[in-house]
Amino acid sequence: MAVAVEEIVRRAGGCAVIDGGFATQLEALGADINDPLWSAACLITKPHLIKEVHMQYLEAGADVIISSSYQATIPGFLARGMLLEEAEGLLRRSIELALEARDEFWKSTLRKSKPVYNHALVAASIGSYGAYLADGSEYSGSYGEDISAEKLKDFHRRRLQVLASAGPDLIAFEAIPNKMEAQALVELLEEENIQVPSWICFSSVDGKNLCSGESFAECLQFLNASDKVTIVGVNCTPPQFIEGIIRELKKQTKKAIAVYPNSGEIWDGREKRWLPAQCFGHKSFDALAKRWQEAGASLVGGCCRTTPSTIRAVSKVLKGKTAYSATQI
């Protein structure tokens, strides 16, 4: 585990808290994200709302906040008629907004007589190729026969370079649905000699395999061999599967484990709507979070349809009375 991550996990009492659903909270603040760029559209239209969401999660107790760049891609911005320089500028801006929020929140925390927060880390979000396609393939891992690992590396390369150079503490590859893309990302980290510690989190629909049907074990074989990837885990996965996944991962890796599931509802990528399923209230979600910590997770948070209220409850149950220490790392 990277030194900064080890330290914040230690200061958090053994399990650091990741923030929650970003698009969910943007919508709650009035943003319209019905857009191929999803929440990244706010980088163009309402960047102040992005910063406000970061602040809300910091206030809720998040030790790690994730940038708004999940679906922000250079091809996606170019399709809007932007110049390459403008597209790359928006990628950098996603990190700047998170860093600004973190630093402003930290200054306000230090002014209090009894500061109760950690100096949070900023993770640069990189979504899958399927997230860029916005056709539902990020939930199946089926990209078509003409997509190769080399094409995936070419797709991710410049975005990774730009985001890594913008000053994040971590790179967060999120909701990766298949083995080929995970392998491409590991190779890309090596080829570009990225010095920012990275995590790769997969998505699963059955709690046993990646969305593609490939096993976690197949991916861990090459993830374990990479010193560029310091954390592995799952996100955007139903919460009822998380404990079992953690226990399986613990058998197969010595890397730190991050989990940040969705609320339990299911996103229909084709119809672009949430389908009702077994939903978890905040009390149940935080009780599960404690079990995830006990099972071996070092970082716990929420993904789609979770909110600052969810993260506040998770932070409280994981950190207890020794919740926060206002110490910079």
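We're numbering straight along the sequence, starting at 1.
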K.L.:
Is a donor on one side and an acceptor on the other found under 3.5 Å between the side chain of T45 and the backbone of A41?
P.N.:
yes
K.L.:
So that I know where these two stand, are F22 and Y57 an aromatic pair - ring centroids less than 6.0 Å apart?
P.N.:
no
K.L.:
Taking all heavy atoms of A289 and all of L318, pick out the closest pair and write down the distance.
P.N.:
O-CD2, 3.7 Å
K.L.:
Under 3.5 Å, side chain of D19 to main-chain N/O of I65, donor-acceptor pair present?
P.N.:
no
K.L.:
Do W38 and Y132 have their ring centres less than 6.0 Å from each other?
P.N.:
no
K.L.:
Work out which heavy atom in N118 is nearest to a heavy atom in W106; give both atom names and the distance.
P.N.:
C-CZ3, 3.6 Å
K.L.:
Going by an N to O cut-off under 4.0 Å, is there a salt bridge joining D227 and K255?
P.N.:
no
K.L.:
So which atom in D286 and which in V317 form the shortest heavy-atom distance, rounded to 0.1 Å?
P.N.:
O-CG1, 3.3 Å
K.L.:
Answer yes or no: is there a side-chain heavy-atom contact under 4.5 Å between I176 and S203?
P.N.:
no
K.L.:
Not counting sequence neighbours, which residues clear ring-ring contact (aromatic ring centres under 6.0 Å, His included) with F77? List them please.
P.N.:
none
K.L.:
Taking side-chain hydrogen bond (donor to acceptor under 3.5 Å, both in side chains) as the test, write out the residues that go with S215, two or more places apart.
P.N.:
E218
K.L.:
Hey, is the main chain of N262 close enough, under 3.5 Å, to the side chain of R305 for a donor-acceptor pair?
P.N.:
no
K.L.:
Do F285 and V314 have side-chain heavy atoms sitting under 4.5 Å apart?
P.N.:
yes
K.L.:
Is there any salt bridge (charged side-chain N to carboxylate O under 4.0 Å, His left out) pair reaching into residues 186-200, and which pairs are they, with sequence neighbours excluded?
P.N.:
K153-E187, K153-E191, R157-E191, R157-E192
K.L.:
Determine whether the side chains of E181 and H156 contain a donor N or O and an acceptor N or O closer than 3.5 Å.
P.N.:
yes
K.L.:
Taking salt bridge (Lys or Arg N to Asp or Glu O under 4.0 Å) as the test, write out the residues that go with E243, two or more places apart.
P.N.:
R247, R291
K.L.:
E138 and S128: side-chain donor and acceptor closer than 3.5 Å?
P.N.:
no
K.L.:
Check the pair N193, K228 against side-chain hydrogen bond (donor to acceptor under 3.5 Å, both in side chains), reporting the backbone distance first and the verdict last.
P.N.:
CA-CA 9 Å; N193 193 26; K228 301 290 187 184; 2.8 Å; yes
K.L.:
Each residue besides L83 in its hydrophobic cluster should be listed here, by chain and number; the cluster joins Ile, Leu, Val, Met, Phe, Trp and Tyr at side-chain heavy-atom distances under 4.5 Å.
P.N.:
none
K.L.:
Between S67 and S125 (side chain of the first, backbone of the second, donor and acceptor by atom type, cut-off under 3.5 Å), is there such a pair?
P.N.:
yes
K.L.:
Keeping S165 on the side-chain end and V162 on the backbone end, is there a donor-acceptor pair under 3.5 Å?
P.N.:
yes
K.L.:
From M180 CE over to C219 SG, what is the distance, rounded to the nearest 0.5 angstrom?
P.N.:
11.5 Å
K.L.:
Please determine whether a side-chain nitrogen of the Lys or Arg among E96 and R92 lies less than 4.0 Å from a carboxylate oxygen of the Asp or Glu.
P.N.:
no
K.L.:
For K46, is there an ion pair with D32 - N to carboxylate O distance below 4.0 angstrom?
P.N.:
no
K.L.:
Please answer whether the main-chain N or O of D146 pairs with a side-chain N or O of K151 as donor and acceptor at a distance below 3.5 Å.
P.N.:
yes
K.L.:
Can you check whether F105's main-chain N or O pairs, donor with acceptor, with S108's side chain at less than 3.5 Å?
P.N.:
yes
K.L.:
Given 3.5 Å as the limit, does a donor-acceptor pair link the side chain of Y117 with the main chain of E59, or not?
P.N.:
yes
K.L.:
Flag the pair L152 / Y143 as yes when at least one side-chain heavy-atom distance between them is below 4.5 Å, and no otherwise.
P.N.:
yes
K.L.:
Please enumerate all residues that pass side-chain hydrogen bond (donor to acceptor under 3.5 Å, both in side chains) together with R158, with sequence neighbours excluded.
P.N.:
E88, Q161
K.L.:
Pick one: which of K319, R11, H119 meets side-chain hydrogen bond (donor to acceptor under 3.5 Å, both in side chains) with D63?
P.N.:
K319
